[in-house]
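So you know, we letter chains A, B, ... as the sequences are listed, proteins then strands, and number each from 1.
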Amino acid sequence: MREGVVVDELPDYVERVLEVAERIPAGRVMSYGDVAEYLGEGGPRQVGRAMALYGGGVPWWRVVRADGVLLAGSELRALEHYREEGTPLRERGGPAARDHVPRLDMRRARWDGG
DNA sequence: AGCTTGACCGACC
DNA sequence: TGGTCGGCCAAGC
């Protein structure tokens with residue numbers, strides 16, 4: 001069985017990142033930096049890379065930027081999940097709300113990891 | 001070995 | 001409220 005040199009297993013660090021992502025409850029989020037800090041290893045950028053490459057199988061929309069800006073390129077997909085899960089958003093109230101993608105209300109949506 | 005590139009962050013203005 | 005800047009750290013070239 002030595003032929004199976006194919007990488008059917010993800011790097012250890014990536015596995016841990018995905019594990020944390022899966023623990024985030026619906027309606028809540030963690031920032032990349034939060035996840036890194038929670039793991040006690042790596043940094044926001046490492047978490048970001050892990051999610052970008054392998055995050056497809058987990059609730060990727062629950063791992064977000066610390067400033068609450070929605071994932072570039074997937075704003076609408078993410079937004080649908082947020083509305084469905086009731087994740088706190090900062091909608092823009094005024095007339096200028098037209099064509100404006102909301103941001104997450106990080107104060108309320110942030111999850112500390114239990 | 002050096003430089004650029006990211007699903008980033010916090011401080012500052 | 002929004003933009004810049006420096007720091008961050010691994011990967012790629």
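In this structure, A:Ala72 reaches neither bases nor backbone, as no heavy-atom distance under 4.0 Å exists between it and the strands shown. Residue contacts shown for A:Gly43 are absent, as no nucleic acid heavy atom lies under 4.0 Å away. No contact: A:Ser74 has no heavy atom under 4.0 Å from any strand.
Applying the 4.0 Å criterion to OP1 and OP2 of C:dT1, one finds that A:Arg90 has a side-chain N or O inside that range.
Residue A:Arg92 has its side chain nearest to C:dT1 when only B:dA7, C:dT1, B:dG10 are considered.
A donor-acceptor pair under 3.5 Å links the side-chain atoms of A:Glu75 to the main chain of A:Gly73, judged by distance alone. A donor-acceptor distance shorter than 3.5 angstrom exists from the side chain of A:Tyr13 to the backbone of A:Glu41, with no hydrogens or angles considered. Within the 3.5 Å criterion, the main-chain N or O of A:Asp112 finds no donor-acceptor partner in the side chain of A:Tyr38. Checked by atom type and distance alone, the side chain of A:Arg103 never pairs as donor or acceptor with a backbone atom of A:Arg90 at under 3.5 Å.
Donor-acceptor pairing under 3.5 Å, judged by distance alone, is present between the side chain of A:Arg45 and the base of C:dC8. The base of C:dA10 sits within donor-acceptor range of the side chain of A:Arg49, with an N or O pair under 3.5 Å.
One can place CZ of A:Arg103 at 8 Å from P of C:dT1, the figure rounded to the nearest angstrom. Protein atom CG of A:Leu71 is 14 Å distant from nucleotide atom P of B:dG6, rounded to whole Å. Regarding A:Tyr54, its OH atom lies at a distance of 15 Å from the C1' atom of B:dG6, rounded to whole Å. For the pair A:Leu104 CG and B:dC9 C1', the computed distance is 16 Å after rounding to whole Å. Between the CG atom of A:Asp67 and the C1' atom of C:dG3 there is a distance of 12 Å, rounded to whole Å. When rounded to the nearest whole Å, the span between CG of A:Leu53 and C1' of B:dA7 equals 10 Å. As a whole-Å value, the separation of A:Glu75 CD from B:dA7 P is 14 Å. Distance, A:Gln46 CD to B:dC8 C1': 9 Å, rounded to whole Å.
On the P atoms, B:dA7 is 22 Å away from C:dG7, given to the nearest whole Å.
Checking B:dG2 for Watson-Crick or G-U wobble geometry (two distances, each under 3.5 Å) identifies C:dC13 as its partner.
Salt bridge annotation for A:Arg65-A:Asp67: present, with a cationic side-chain nitrogen under 4.0 angstrom from a carboxylate oxygen.
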